[in-house]
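Take a look at the structure set out below.
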There are 2 protein chains.
Amino acid sequence: MTTSSFAVLALLDLRPWTGYELTQQAKRSLRYAWPKSERLLYSEPKKLVELGYATVHTEEQGGRSRNVYTITEDGTAALGGWMSTRTQAPRLEIEAMLRLLFADHGSEGDVLRSLEELESDIGEHHRAIVELMGSYLDGGHPFPERTHLSVLFATFQIEMFKAMERWIEFARGEIDDWPSTKDLGMTGRTEVLTRLLAEDRSPLEQAPVLSGRPAATR
Amino acid sequence: MTTSSFAVLALLDLRPWTGYELTQQAKRSLRYAWPKSERLLYSEPKKLVELGYATVHTEEQGGRSRNVYTITEDGTAALGGWMSTRTQAPRLEIEAMLRLLFADHGSEGDVLRSLEELESDIGEHHRAIVELMGSYLDGGHPFPERTHLSVLFATFQIEMFKAMERWIEFARGEIDDWPSTKDLGMTGRTEVLTRLLAEDRSPLEQAPVLSGRPAATR
DNA sequence: AGTTCGCTACTGCAGGTTGCAGTAATTGGG
DNA sequence: CCCAATTACTGCAACCTGCAGTAGCGAACT
């Protein structure tokens, strides 16, 4: 049983779902906490059936059949057991940051484009969450009794998205001040930043608005 | 060629490394942008050799031998080509958030413990980065001409860590106000939060310090 | 009436990735 | 002299992803 198994099991504990419905639900909610491929969302419930944590029955709808998965008592018990296990460390894969670390292999345009791509990917998710919150106000939550959980999670997402967007703006300002991506090393400005970070202070808090052109080298 | 291949190739472009050194270097720098297993860091350079992007030669050091990998011209060219490709969307795996989404399967203690575990995992990384910045000031950077890149990346990490830590404090305050993890649904407080989020406003900005006990239901 | 497009509803498979176990030599401390 | 930690890997099972392929359905367009 992997964390992904428990993620699917937790969904099955809400109500029975078909494989396809699981993929759709994962796209809406799970994706931001535990991003998994569509493929896995089809495979995982099959494994749960093998382990006795769920049952399948095929429903005929027109000429098409679909597999409906239902949690068993053993499944509920397994889910309960999971709650008391150690939570895995978070894992953040951000290719744009990898490209930043090795930005000296390319031009300033390359890094800036990479940051733009990051910004647009984040922006999409950001807008999706804001819209979702609107839909909770208008039409309510698909599982009304769980609204408090979805909304608290949404506060996390909004904080992360805003923090990333703020940082991207800041980074743009810094990179714009570079004469090149290469061989800058410990410039005056970099030293200022390093000193702030070594004291665990945020360089963004200093000039919250006028991030356009901070003193480049002093 | 995967992004991980390019990550290793980028390291090889700095200087030749042995497999073991690659794992150690990845632990220090890459981990926070592109977390990969030790196992992969041993396999990846072998693949690069097969593709002609690197060469190996075994050095004898005592009775032990180690494989030293060096980038080829083809490798440098491939790396240059990568710079102009589309950056992948970020991918954030945070089990603690999955557990929050399904917190109604367990007790308040379970969610709070999960948040504590998240906090401690983040805290470790947070401290490591601050310490690293101190070492840049004292002893310098292992590749001095690349200091500006490492430091700009570090500003990102510090922003993320601080944002997560702030949110965890906020979430603790919210959860403490819950009478239970289950069946709360759209309480007054949740509606307040939903409204803020639907307007893309941060609920943390409201009460930056006194996050202990916000008006629970009004 | 026929065709195409998009959605529903999956499966197979190759290849990327991880964690663990196992091997073996070197170094430093008690 | 022994033991633990570090160096320096490899093999393997199991996990996970992306892509291609299959197939029925409904609505729109021609």
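Quick note: numbers below take in every heavy atom, side chains included, and nothing from hydrogens, waters or symmetry partners. So you know, we letter chains A, B, ... as the sequences are listed, proteins then strands, and number each from 1. Note that the structure is predicted; figures quoted are calculated from it, not measured.
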In terms of ring plane angle, is the pair Tyr32(A) and His125(A) parallel, tilted or perpendicular, where the classes change at 30° and 60°?
perpendicular
Nucleotide dG16(C), atom P - distance to CZ of Arg91(B) in whole Å
16 Å
Looking only at side-chain N and O atoms, does Ser4(A) come under 4.0 Å of OP1 or OP2 in dC15(D)?
no
Using whole Å, report how far CG of Leu40(B) lies from C1' of dC16(D).
14 Å
Rounding to a whole Å, what distance do you find between Lys36(A):NZ and dT18(C):P?
11 Å
Do Arg66(A) and Thr58(A) come within less than 4.5 Å of each other through their side chains, counting heavy atoms only?
no
Grab the CD-C1' distance between Glu93(A) and dT17(C) for me, whole Å please.
10 Å
Protein-nucleotide distance (Glu50(A), atom CD; dA14(D), atom P), rounded to Å
12 Å
Can you check nucleotides 8-12 of chain D for protein contacts, nitrogen or oxygen pairs under 3.5 Å, and list what you find?
| residue | atom | partner | partner atom | Å |
| --- | --- | --- | --- | --- |
| dA8(D) | OP1 | Gln61(B) | OE1 | 3.2 |
| dA8(D) | OP1 | Arg66(B) | NH1 | 3.1 |
| dC9(D) | OP1 | Asn67(B) | N | 3.0 |
| dC9(D) | OP1 | Asn67(B) | ND2 | 3.3 |
| dC9(D) | OP2 | Gly19(B) | N | 3.4 |
| dC9(D) | OP2 | Tyr20(B) | N | 3.4 |
| dT10(D) | OP1 | Lys46(B) | NZ | 3.0 |
| dG11(D) | N7 | Arg39(B) | NE | 3.4 |
| dG11(D) | N7 | Arg39(B) | NH2 | 2.8 |
| dG11(D) | O6 | Arg39(B) | NE | 2.6 |

How many Å lie between CE on Met1(A) and P on dA14(D), as a whole number?
16 Å
For residues 74-83 of chain B, which side-chain N or O atoms pair as donor and acceptor with protein atoms under 3.5 Å away, sequence neighbours left out?
| residue | atom | partner | partner atom | Å |
| --- | --- | --- | --- | --- |
| Thr76(B) | OG1 | Thr72(B) | O | 3.1 |

Which ones in residues 23-35 of chain B lie close to DNA chain C, meaning a heavy atom under 4.0 Å from one of its atoms?
Pro35(B)
Are any of the side-chain heavy atoms of Trp167(B) and Leu152(A) separated by less than 4.5 Å?
yes
Figure out the CD/P separation between Gln88(B) and dT17(D), and round it to whole Å.
12 Å
May I ask you to test the Phe156(B)-Ile94(A) pair for a side-chain heavy-atom distance under 4.5 Å?
yes
Does either side chain, that of Asp104(B) or that of His148(A), offer a donor lying less than 3.5 Å from an acceptor on the other one?
no
Under-4.0 Å salt bridge between Arg113(A) and Glu117(A)
yes
Do you see a donor-acceptor pair shorter than 3.5 Å between the side chains of Thr85(B) and Arg99(A)?
yes
Rounded to the Å, how far apart are Glu60(B) CD and dA24(C) C1'?
13 Å
For a 4.5 angstrom cut-off between non-hydrogen side-chain atoms, does Leu92(B) reach Pro90(A)?
no
